[in-house]
*Asks:* 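Here it is: the structure, laid out below.
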Number of protein chains: 2
Amino acid sequence: MTDKEEKRFREKVKAIQDTMFVIGGKWKLPVVLSIYNGNKRFNDILNSIPKITNRVLSKELKHLEENLLIRREVVDGYSVKIEYTITEYCLSLNDVVKPMEKWGKMHRNKLRGLS
Amino acid sequence: MTDKEEKRFREKVKAIQDTMFVIGGKWKLPVVLSIYNGNKRFNDILNSIPKITNRVLSKELKHLEENLLIRREVVDGYSVKIEYTITEYCLSLNDVVKPMEKWGKMHRNKLRGLS
DNA sequence: CAGCATCCAATCAGATACTG
DNA sequence: CAGTATCTGATTGGATGCTG
(Lines give C-alpha, C1' and ligand atoms only; values in the text may rest on other atoms or scores of the structure.)
Protein backbone atom coordinates (compact mmCIF):
# COMPACT_ATOMS: atom_id res chain seq x y z
CA MET A 1 0.00 0.00 0.00
CA THR A 2 1.16 3.48 -0.85
CA ASP A 3 0.76 6.25 1.68
CA LYS A 4 -2.26 7.56 -0.14
CA GLU A 5 -3.94 4.17 -0.23
CA GLU A 6 -3.11 3.71 3.42
CA LYS A 7 -4.75 6.96 4.38
CA ARG A 8 -7.90 6.11 2.48
CA PHE A 9 -7.92 2.68 3.98
CA ARG A 10 -7.79 4.03 7.51
CA GLU A 11 -10.59 6.44 6.81
CA LYS A 12 -12.75 3.68 5.46
CA VAL A 13 -12.04 1.53 8.46
CA LYS A 14 -12.90 4.34 10.81
CA ALA A 15 -16.19 5.09 9.11
CA ILE A 16 -17.15 1.44 9.16
CA GLN A 17 -16.21 1.06 12.79
CA ASP A 18 -18.31 4.09 13.59
CA THR A 19 -21.29 2.48 11.96
CA MET A 20 -20.63 -0.76 13.75
CA PHE A 21 -20.48 1.07 17.02
CA VAL A 22 -23.88 2.58 16.48
CA ILE A 23 -25.79 -0.37 15.06
CA GLY A 24 -23.47 -3.27 15.80
CA GLY A 25 -24.06 -6.07 18.23
CA LYS A 26 -26.83 -8.58 18.44
CA TRP A 27 -29.71 -6.38 19.47
CA LYS A 28 -29.53 -2.82 18.23
CA LEU A 29 -31.04 -3.36 14.83
CA PRO A 30 -33.70 -5.76 16.04
CA VAL A 31 -34.77 -3.13 18.54
CA VAL A 32 -34.92 -0.44 15.89
CA LEU A 33 -36.90 -2.72 13.63
CA SER A 34 -39.31 -3.60 16.38
CA ILE A 35 -40.07 0.03 17.06
CA TYR A 36 -40.24 0.70 13.36
CA ASN A 37 -42.87 -2.01 13.16
CA GLY A 38 -45.06 -0.18 15.58
CA ASN A 39 -44.04 -1.32 19.03
CA LYS A 40 -43.90 1.70 21.24
CA ARG A 41 -43.92 0.38 24.81
CA PHE A 42 -41.00 -1.10 26.65
CA ASN A 43 -42.67 -4.41 27.32
CA ASP A 44 -44.02 -4.69 23.81
CA ILE A 45 -40.55 -4.29 22.40
CA LEU A 46 -39.23 -6.68 25.00
CA ASN A 47 -41.71 -9.38 24.05
CA SER A 48 -41.30 -8.89 20.33
CA ILE A 49 -37.64 -9.84 20.34
CA PRO A 50 -36.91 -13.43 21.34
CA LYS A 51 -34.35 -13.88 24.10
CA ILE A 52 -33.56 -10.26 24.80
CA THR A 53 -33.66 -9.33 28.47
CA ASN A 54 -34.99 -6.14 30.03
CA ARG A 55 -31.56 -5.29 31.30
CA VAL A 56 -30.06 -5.40 27.82
CA LEU A 57 -33.03 -3.73 26.19
CA SER A 58 -32.78 -0.87 28.62
CA LYS A 59 -29.19 -0.24 27.63
CA GLU A 60 -29.84 -0.55 23.93
CA LEU A 61 -32.68 1.94 24.08
CA LYS A 62 -30.45 4.43 25.79
CA HIS A 63 -27.72 3.94 23.22
CA LEU A 64 -30.13 4.32 20.32
CA GLU A 65 -31.59 7.45 21.80
CA GLU A 66 -28.16 8.98 22.24
CA ASN A 67 -27.48 8.30 18.60
CA LEU A 68 -30.68 10.00 17.53
CA LEU A 69 -32.23 6.89 16.06
CA ILE A 70 -35.17 6.71 18.42
CA ARG A 71 -37.10 9.12 20.57
CA ARG A 72 -38.29 8.53 24.12
CA GLU A 73 -41.41 10.35 25.10
CA VAL A 74 -43.28 10.59 28.32
CA VAL A 75 -46.94 10.66 27.44
CA ASP A 76 -49.15 12.13 30.07
CA GLY A 77 -52.54 10.62 30.43
CA TYR A 78 -54.74 8.68 32.76
CA SER A 79 -51.57 6.96 33.79
CA VAL A 80 -48.18 8.10 32.62
CA LYS A 81 -46.81 6.19 29.67
CA ILE A 82 -43.44 5.95 28.03
CA GLU A 83 -43.40 5.69 24.27
CA TYR A 84 -40.54 4.98 21.93
CA THR A 85 -40.68 5.98 18.30
CA ILE A 86 -38.12 6.06 15.56
CA THR A 87 -36.86 9.39 14.33
CA GLU A 88 -36.91 10.75 10.84
CA TYR A 89 -33.15 10.46 10.88
CA CYS A 90 -33.40 6.76 11.61
CA LEU A 91 -34.85 6.19 8.18
CA SER A 92 -31.45 6.90 6.71
CA LEU A 93 -30.43 3.55 8.11
CA ASN A 94 -32.51 1.88 5.46
CA ASP A 95 -29.64 2.21 3.04
CA VAL A 96 -27.51 0.17 5.38
CA VAL A 97 -30.03 -2.30 6.71
CA LYS A 98 -31.63 -3.42 3.50
CA PRO A 99 -28.39 -4.62 1.93
CA MET A 100 -27.57 -6.38 5.18
CA GLU A 101 -30.86 -8.20 5.14
CA LYS A 102 -30.41 -9.21 1.55
CA TRP A 103 -26.86 -10.37 2.07
CA GLY A 104 -27.77 -12.36 5.16
CA LYS A 105 -30.38 -14.34 3.27
CA MET A 106 -28.08 -14.93 0.35
CA HIS A 107 -25.25 -16.02 2.60
CA ARG A 108 -27.36 -18.52 4.45
CA ASN A 109 -28.23 -20.18 1.16
CA LYS A 110 -24.62 -20.11 0.11
CA LEU A 111 -23.50 -21.94 3.22
CA ARG A 112 -26.39 -24.38 3.01
CA GLY A 113 -25.39 -25.24 -0.53
CA LEU A 114 -22.04 -26.46 0.71
CA SER A 115 -22.99 -28.64 3.62
CA MET B 1 -48.25 -6.21 14.65
CA THR B 2 -50.37 -8.73 12.82
CA ASP B 3 -49.19 -12.31 12.58
CA LYS B 4 -48.04 -11.75 9.05
CA GLU B 5 -46.07 -8.66 9.96
CA GLU B 6 -44.62 -10.47 12.90
CA LYS B 7 -43.40 -13.32 10.75
CA ARG B 8 -41.76 -10.95 8.30
CA PHE B 9 -40.22 -9.04 11.13
CA ARG B 10 -38.64 -12.14 12.58
CA GLU B 11 -37.23 -13.14 9.22
CA LYS B 12 -35.72 -9.73 8.74
CA VAL B 13 -34.18 -9.83 12.17
CA LYS B 14 -32.73 -13.25 11.54
CA ALA B 15 -31.18 -12.26 8.24
CA ILE B 16 -29.66 -9.17 9.77
CA GLN B 17 -28.31 -11.07 12.73
CA ASP B 18 -26.77 -13.54 10.34
CA THR B 19 -24.97 -10.75 8.58
CA MET B 20 -23.88 -9.29 11.88
CA PHE B 21 -22.53 -12.63 12.91
CA VAL B 22 -20.38 -12.87 9.81
CA ILE B 23 -19.06 -9.33 9.54
CA GLY B 24 -19.96 -7.86 12.92
CA GLY B 25 -17.61 -6.81 15.64
CA LYS B 26 -14.78 -4.35 15.59
CA TRP B 27 -12.30 -6.16 13.43
CA LYS B 28 -13.81 -8.37 10.77
CA LEU B 29 -14.40 -5.75 8.14
CA PRO B 30 -11.11 -3.97 8.74
CA VAL B 31 -9.36 -7.29 8.23
CA VAL B 32 -11.22 -7.94 5.00
CA LEU B 33 -10.44 -4.44 3.79
CA SER B 34 -6.79 -4.80 4.63
CA ILE B 35 -6.51 -7.97 2.60
CA TYR B 36 -8.55 -6.40 -0.14
CA ASN B 37 -6.01 -3.61 -0.21
CA GLY B 38 -3.24 -6.00 -0.99
CA ASN B 39 -1.93 -7.21 2.35
CA LYS B 40 -1.37 -10.91 2.11
CA ARG B 41 0.87 -11.84 5.00
CA PHE B 42 -0.19 -12.24 8.60
CA ASN B 43 2.16 -9.62 9.93
CA ASP B 44 1.35 -7.17 7.17
CA ILE B 45 -2.31 -7.37 8.02
CA LEU B 46 -1.46 -7.15 11.69
CA ASN B 47 0.51 -3.97 11.22
CA SER B 48 -1.97 -2.36 8.89
CA ILE B 49 -4.74 -2.30 11.48
CA PRO B 50 -4.11 -0.08 14.49
CA LYS B 51 -4.53 -1.76 17.87
CA ILE B 52 -5.45 -5.23 16.71
CA THR B 53 -3.52 -8.02 18.39
CA ASN B 54 -2.22 -11.21 16.87
CA ARG B 55 -4.48 -13.26 19.06
CA VAL B 56 -7.56 -11.51 17.80
CA LEU B 57 -6.37 -11.38 14.22
CA SER B 58 -5.79 -15.10 14.27
CA LYS B 59 -9.35 -15.76 15.30
CA GLU B 60 -10.83 -13.34 12.83
CA LEU B 61 -8.92 -14.87 9.95
CA LYS B 62 -10.25 -18.28 10.83
CA HIS B 63 -13.79 -16.97 11.06
CA LEU B 64 -13.54 -15.19 7.73
CA GLU B 65 -12.11 -18.26 6.06
CA GLU B 66 -14.94 -20.40 7.36
CA ASN B 67 -17.39 -17.96 5.91
CA LEU B 68 -15.73 -18.10 2.51
CA LEU B 69 -14.70 -14.48 2.51
CA ILE B 70 -10.97 -15.06 2.42
CA ARG B 71 -8.66 -17.82 1.30
CA ARG B 72 -5.63 -19.10 3.17
CA GLU B 73 -2.89 -20.51 1.02
CA VAL B 74 0.37 -22.13 1.85
CA VAL B 75 2.84 -21.00 -0.74
CA ASP B 76 5.83 -23.24 -1.16
CA GLY B 77 9.05 -21.54 -1.99
CA TYR B 78 12.50 -20.88 -0.69
CA SER B 79 10.83 -20.71 2.68
CA VAL B 80 7.20 -21.59 3.20
CA LYS B 81 4.81 -18.66 3.19
CA ILE B 82 1.21 -18.21 4.17
CA GLU B 83 -0.87 -15.93 2.01
CA TYR B 84 -4.34 -14.58 2.56
CA THR B 85 -6.44 -13.36 -0.31
CA ILE B 86 -10.06 -12.37 -0.63
CA THR B 87 -12.39 -14.61 -2.54
CA GLU B 88 -14.58 -13.73 -5.47
CA TYR B 89 -17.54 -14.25 -3.18
CA CYS B 90 -16.23 -11.64 -0.80
CA LEU B 91 -16.85 -8.97 -3.39
CA SER B 92 -20.55 -9.38 -2.78
CA LEU B 93 -19.95 -7.67 0.52
CA ASN B 94 -19.43 -4.43 -1.31
CA ASP B 95 -23.16 -3.90 -1.36
CA VAL B 96 -23.15 -3.98 2.41
CA VAL B 97 -19.90 -2.26 3.20
CA LYS B 98 -20.19 0.77 0.98
CA PRO B 99 -23.44 1.97 2.54
CA MET B 100 -21.94 1.40 5.96
CA GLU B 101 -18.95 3.53 5.10
CA LYS B 102 -21.13 6.26 3.74
CA TRP B 103 -23.46 6.20 6.70
CA GLY B 104 -20.61 6.24 9.19
CA LYS B 105 -19.18 9.40 7.70
CA MET B 106 -22.57 11.05 7.55
CA HIS B 107 -23.36 10.13 11.12
CA ARG B 108 -20.14 11.50 12.46
CA ASN B 109 -20.94 14.85 10.92
CA LYS B 110 -24.46 14.69 12.25
CA LEU B 111 -23.27 14.20 15.81
CA ARG B 112 -20.58 16.82 15.44
CA GLY B 113 -23.17 19.31 14.34
CA LEU B 114 -24.96 18.94 17.64
CA SER B 115 -22.14 19.24 20.12
C1' DC C 1 7.24 -15.73 10.09
C1' DA C 2 2.62 -17.36 11.64
C1' DG C 3 0.50 -18.33 14.91
C1' DC C 4 -0.91 -21.00 19.69
C1' DA C 5 -0.92 -21.40 24.98
C1' DT C 6 -1.40 -19.29 29.20
C1' DC C 7 -2.49 -16.02 32.63
C1' DC C 8 -5.27 -12.50 34.12
C1' DA C 9 -8.24 -8.30 34.12
C1' DA C 10 -12.34 -6.31 32.42
C1' DT C 11 -16.56 -6.46 30.43
C1' DC C 12 -20.96 -8.66 29.36
C1' DA C 13 -25.03 -10.86 30.14
C1' DG C 14 -28.51 -14.06 32.57
C1' DA C 15 -31.45 -14.52 36.69
C1' DT C 16 -33.82 -12.59 40.07
C1' DA C 17 -35.63 -9.26 42.97
C1' DC C 18 -36.99 -4.76 43.79
C1' DT C 19 -38.86 0.35 43.13
C1' DG C 20 -41.70 4.68 41.80
C1' DC D 1 -45.56 -0.47 33.57
C1' DA D 2 -40.70 0.79 32.99
C1' DG D 3 -37.16 0.14 34.35
C1' DT D 4 -32.86 -0.29 38.19
C1' DA D 5 -29.89 -3.09 41.51
C1' DT D 6 -27.32 -6.86 42.63
C1' DC D 7 -25.05 -11.09 42.25
C1' DT D 8 -22.76 -14.25 39.46
C1' DG D 9 -21.08 -17.05 35.69
C1' DA D 10 -19.42 -16.63 31.03
C1' DT D 11 -16.93 -14.33 27.45
C1' DT D 12 -13.57 -11.19 25.67
C1' DG D 13 -9.29 -9.31 25.16
C1' DG D 14 -4.60 -7.58 26.42
C1' DA D 15 0.25 -9.03 27.51
C1' DT D 16 3.60 -12.14 27.11
C1' DG D 17 6.13 -16.04 25.95
C1' DC D 18 6.67 -20.06 23.23
C1' DT D 19 6.92 -23.21 18.96
C1' DG D 20 7.70 -25.34 14.25
Side-chain angles (χ1 to χ4, degrees), chain A residues 1 13 16-17 20-32 34-67 69-86, chain B residues 1 13 16-17 20-67 69-87:
Chain A
M1 276 201 281
V13 167
I16 288 167
Q17 287 183 327
M20 289 306 285
F21 173 74
V22 177
I23 63 169
K26 244 192 198 154
W27 305 114
K28 289 175 191 73
L29 282 179
V31 170
V32 168
S34 172
I35 299 174
Y36 178 75
N37 269 56
N39 294 310
K40 292 180 187 312
R41 317 297 306 279
F42 187 88
N43 281 308
D44 289 345
I45 303 167
L46 188 65
N47 294 322
S48 74
I49 304 172
K51 301 199 177 178
I52 197 169
T53 65
N54 58 355
R55 189 168 167 284
V56 171
L57 177 57
S58 177
K59 281 187 185 169
E60 300 296 45
L61 287 170
K62 215 162 269 171
H63 173 93
L64 293 171
E65 198 193 350
E66 280 166 4
N67 281 279
L69 299 179
I70 64 173
R71 194 182 298 113
R72 181 188 190 272
E73 264 170 309
V74 182
V75 180
D76 242 41
Y78 171 70
S79 70
V80 178
K81 281 186 201 173
I82 309 287
E83 284 192 359
Y84 291 96
T85 47
I86 63 163
Chain B
M1 274 201 281
V13 166
I16 289 167
Q17 286 183 327
M20 289 305 287
F21 173 75
V22 177
I23 63 169
K26 243 192 199 156
W27 304 114
K28 289 176 190 72
L29 282 179
V31 170
V32 168
L33 277 185
S34 172
I35 299 174
Y36 179 76
N37 268 53
N39 294 311
K40 292 180 187 312
R41 315 298 306 280
F42 187 88
N43 280 308
D44 289 346
I45 302 167
L46 188 66
N47 294 322
S48 74
I49 304 172
K51 301 198 178 178
I52 197 170
T53 66
N54 58 355
R55 189 169 168 282
V56 172
L57 177 56
S58 178
K59 281 186 187 172
E60 299 296 45
L61 287 170
K62 213 163 272 172
H63 174 94
L64 293 171
E65 197 193 351
E66 281 165 3
N67 282 279
L69 299 178
I70 64 172
R71 194 182 296 112
R72 181 186 190 273
E73 265 171 309
V74 182
V75 180
D76 242 43
Y78 171 71
S79 68
V80 178
K81 281 185 201 174
I82 310 288
E83 283 192 0
Y84 292 95
T85 48
I86 63 163
T87 60

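Per chain, numbering begins at 1; letters A, B, ... match sequence-line order.
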*Asks:* Which atom pair, heavy atoms only, marks the closest approach of A:Gln17 to B:Pro30?
*Replies:* NE2-CG, 3.7 Å
*Asks:* So, using side chain to side chain donor-acceptor pair (under 3.5 Å) as the criterion, who are the partners of A:Arg41 when residues are at least two apart?
*Replies:* none
*Asks:* If you take all heavy atoms of A:Leu29 and A:Ile23, which pair is closest and at what distance?
*Replies:*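 The pair with the smallest heavy-atom distance is CG-O, 3.9 Å.
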*Asks:* Going by the salt bridge (Lys or Arg N to Asp or Glu O under 4.0 Å) test, which pairs reach into residues 21-31 of chain B, not counting sequence neighbours?
*Replies:*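 Counting only pairs at least two positions apart or across chains, the salt bridge (Lys or Arg N to Asp or Glu O under 4.0 Å) contacts touching residues 21-31 of chain B are B:Lys28-B:Glu60.
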*Asks:* For the helix from C:dC1-D:dG20 to C:dG20-D:dC1, what angle lies between the axis at the first five pairs and the axis at the last five pairs, to 10 degrees?
*Replies:*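 Overall, the helix from C:dC1-D:dG20 to C:dG20-D:dC1 bends by 50° from one end axis to the other.
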*Asks:* What string of B, S and - do you get for nucleotides 3-17 of chain C 5' to 3' if you count protein non-hydrogen atoms under 4.0 Å?
*Replies:* BB-B------BBB-B
*Asks:* For B:Tyr78 and C:dC1, what is the distance between atoms OH and C1' respectively, to the nearest whole Å?
*Replies:*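 Nearest whole value for this atom pair: 14 Å.
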*Asks:* On a heavy-atom basis, which atom in A:Val13 and which in B:Leu33 lie closest, and how many Å separate them?
*Replies:* CG2-CD1, 4.2 Å
*Asks:* Ring pair (Phe, Tyr, Trp, His ring centres under 6.0 Å): which pairs involve residues 25-64 of chain B, sequence neighbours left out?
*Replies:* B:Phe21-B:His63
*Asks:* Rounded to the nearest angstrom, tell me the gap between atom CG in B:Leu46 and atom P in C:dA2.
*Replies:* 10 Å
*Asks:* Quick test of your reading: applying salt bridge (Lys or Arg N to Asp or Glu O under 4.0 Å), list the pairs with at least one residue in residues 75-84 of chain B, sequence neighbours left out, ordered by first then second residue.
*Replies:*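 Those involving residues 75-84 of chain B do not exist here.
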*Asks:* Which side chain to side chain donor-acceptor pair (under 3.5 Å) pairs, counting each pair once, include a residue from residues 46-55 of chain A, with sequence neighbours left out?
*Replies:* A:Ser34-A:Ser48
*Asks:* Which residues pass the side chain to side chain contact (heavy atoms under 4.5 Å, CB included) test with B:Val32, not counting sequence neighbours?
*Replies:*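 Listed in chain order: B:Leu64, B:Cys90.
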*Asks:* For DNA chain D, which nucleotides open and close the run of contacts to chain A, 5' to 3', at under 4.0 angstrom from a non-hydrogen atom?
*Replies:* D:dC1 to D:dT6
*Asks:* Please enumerate all residues that pass side chain to side chain donor-acceptor pair (under 3.5 Å) together with B:Thr85, with sequence neighbours excluded.
*Replies:* B:Arg71
